[in-house]
Amino acid sequence: LRPGDFVVGESGSSVVADGVVIRGDGEVSEVIFHKERSVVPKAPGDLIFAGSRVQSGRLEYQVTSIGRDTLVQKIVALVRRAQDHEGRLRSFARRSGLWSMLIVLALAVVVAAIGLVRHRSIDDIGVATLLLLVSLAPCLWEVAFESVGMALTSYGLNVGLVVRDPEIALTMLRLKTIVFDKTGTVSEGKPRVVNIIPISKGTSVDWVLKTVAAIEARSDHPISEAVLRKWQRQIREANAFEEISGMGIRGIVEGKRMILGNLGFMREYNIGFGQATTERIRQLEASGKTLLFLARENTHLSGIVVLEDALRPTSFEAVGKLKDIGLKTVLVTGDNVSIGNMAGQEIGADEPSGGLLPKDKVKVIEKLKNEAGPVLALGSGQSDQAMIGHADIGVSNVTGCEIADRRGQVIMLNGRLSDAVELIKRGRSAALGGGQNLIWAYLFNISLVAMALVRALPTEAVIAAAAAAPLVPYLNSLRIRK
C-alpha cells in the first residue's frame with residue numbers, strides 16, 4: 001500500500017491508512033481518538049484515519065499516509081517522547097530519592113557503629129541495619145509525580161488530547177487568562193462560500209471563483225477548503241505561489257500576477273476601492289461575513305468572495321465555565337474587527353479583538369502575561385503557532401497529520417473550547433494530586449524509618465509496608481481519569 005492508492009472500506013472493515021474520502025458516505029468509529037465522539041459521519045472531502053473502523057456505509061478513500069506517518073503512529077511517538085521527557089518534577093523526584101537513600105545509608109552505618117561500640121551481636125546489628133534499609137521507599141518520590149503525569153496523559157488520550165508535557169499541571173494552578181482564536185476553536189472551522197461578487201469589468205462569478213481556486217489550491221487554510229468545495233472541478237494550480245501568514249497569497253494565474261487576501265493585504269498593494277464597493281464591504285463586514293479579496297497585483301480589485309463560519313453551539317457554555325473557574329477569556333482573530341466583536345459578544349468573551357496579524361496576537365499574549373500572570377493560548381491555524389509558542393501553556397487544535405508540526409505542550413484533535421475547560425480542570429487536579437502524593441512520600445518515609453530505628457515494627461511488617469507504599473499515589477491518581 002502506497003500514498004495515492006485507492007481503498008474501499010465496507011461496513012465493519014478497519015481503515016488501514018490515513019486518507020481522504022473520494023466517493024461514498026457513511027459513519028466511521030473514531031473511538032481510538034476520542035471516546036466521546038466515537039461515530040463521525042464521513043463524506044467526500046473528509047479525512048479518514050488509520051485505526052478507525054467503518055461503522056456503516058461504503059467509503060472509497062485515497063491513501064495520503066501510511067505506517068509511521070499516520071496520525072495514530074504520530075500520537076504514539078509524541079506520548080513516548082512525553083514519557084521520556086526529563087522535566088523539573090522528575091528531576092526533583094530523582095534527586096529527592098537519591099538524597100533520602102544517602103541519608104538512610106548514613107543512618108545504617110551509624111546504627112551499625114553504635115551496635116559494635118555497645119558489643120551487640122552481629123545478628124542484632126545485621127537485623128537492625130537491614131530493617132532500616134528495607135524501610136526506605138525511594139521510589140515513592142518518583143511515583144508521586146509520575147503517577148499523576150501518567151493519569152493526565154491517559155485521560156487526554158481518551159478525549160482526543162495529546163499531553164506532550166504533563167508538568168503544565170503546575171502552571172495551570174496559577175493560570176489567569178485563556179486566549180483563543182475564532183476559526184476552528186469557537187467556530188466550526190468549516191467556512192462556506194455564500195456569495196461571489198465580480199468587481200472589475202470583464203469578470204464573472206465563474207472567473208472569480210476559478211481564479212481564487214487556482215490560487216488557494218496549494219494552501220491548507222480552512223478558507224481554501226471552502227473555495228475548492230465550491231468549485232468542485234479540475235483546476236490548474238497557480239505558479240509562483242507565495243503565502244504570507246495572516247495576510248494572503250500571491251500567485252500567477254494565466255500569466256497574470258494576482259493577490260488574494262484580506263483588506264490589509266489589499267492596502268499593502270495600493271488596491272483602491274470605489275465608494276459603492278466600500279459601502280458594500282462595510283455592510284458585509286457588519287453582518288459578520290468574512291471577505292476574501294482578489295486583485296491584480298498593484299492595479300485593481302477583481303472580485304470578492306463572501307464566506308461565513310458558524311459558531312459552535314457549545315462555545316457560549318464553554319466560555320461561561322472558563323469564567324466560573326476564575327479565568328479571563330480573550331478572543332483573538334485575524335478576521336476584521338466587526339466579526340471579532342460580534343463573535344466575542346455572542347459567546348460572552350471578556351475581550352474580543354479582531355483584525356490581528358500573527359505578530360499582533362503575540363503582543364496580546366505578552367501584554368496579558370505581564371499584567372495578569374500565566375496565559376494559556378489555544379489556536380488551530382498555522383498563523384496561531386507564534387502565539388501558542390509564546391504562551392505559558394500552548395494548545396494546538398489540529399485536524400490531521402500536521403500533529404507533529406504544531407507547537408504547544410498539548411495537541412487537541414478536532415477539539416472544542418469545552419475540551420480546554422476539562423483539560424484545565426484535570427490539570428489542576430493533577431497538580432494537587434502530585435502535592436498530596438509528595439506529602440505522603442515525606443510522611444511515610446520519615447515514619448517508617450523512625451519506626452525501623454526503634455524497632456517498633458517486626459521485620460515482616462516493615463517489608464510489607466515498604467512494598468505497598470507506592471499503591472497509595474497510584475490510587476490517588478486514578479481520580480484524575482474519572
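Note that the coordinates shown come from a computational prediction; the quantities given were computed from them, not determined experimentally. Heavy-atom basis, side chains included; hydrogens, waters and symmetry copies ignored.
Thr185 places no side-chain N or O within 3.5 Å of a backbone atom of Lys182 that could act as its donor or acceptor partner. Thr64 places a side-chain N or O within 3.5 Å of a backbone atom of Asp18 that can act as its donor or acceptor partner. Of the possible polar contacts, none joining the Lys210 side chain to the Arg233 backbone as a donor-acceptor pair under 3.5 Å is found. Side-chain N or O atoms of Thr278 include one that pairs as donor or acceptor with a backbone N or O of Gly274 at under 3.5 Å. Gln232 places a side-chain N or O within donor-acceptor distance of the main-chain N or O of Arg229, the cut-off being under 3.5 Å.
Residues Asp392 and Arg174 are not in side-chain contact: their nearest non-hydrogen atoms beyond the backbone lie 4.5 Å or more apart. Tyr269 is not listed as a side-chain neighbour of Arg296, based on a closest heavy-atom distance of 4.5 Å or more. Residues Tyr61 and Asp5 form no side-chain contact, since every pair of their non-hydrogen atoms from C-beta on lies 4.5 Å or further apart. Looking only at side-chain heavy atoms (C-beta outward), Asn397 and Asp419 stay at 4.5 Å or farther from each other. With contacts defined as side-chain heavy-atom distances shorter than 4.5 Å, the pair Ile325/Arg428 qualifies. Counting heavy atoms from C-beta outward, Ile365 and Ile388 have side chains that stay 4.5 Å or more apart. A heavy-atom distance below 4.5 Å is not found between the side chains of Leu356 and Thr333. Two residues are said to be in side-chain contact when any heavy atoms from C-beta on lie closer than 4.5 Å; Ile393 and Ile424 fail this criterion.
Glu268 pairs by the side chain to side chain donor-acceptor pair (under 3.5 Å) definition with nothing, not counting sequence neighbours.
Of all non-hydrogen atoms in Gly4 and Gln62, the two that sit nearest each other are O-NE2, 3.4 Å. Taking every heavy atom of both residues into account, Glu10 and Val54 meet most closely at O-CB, 3.4 Å.
Salt bridge absent: Lys328 and Glu371 never bring a charged side-chain N and a carboxylate O closer than 4.0 Å.
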Yes or no on side-chain hydrogen bond (donor to acceptor under 3.5 Å, both in side chains) for Gln275 and Glu279, after CA distance, side-chain angles and deciding distance? CA-CA 6 Å; Gln275 186 174 351; Glu279 179 59 25; over 6 Å; no
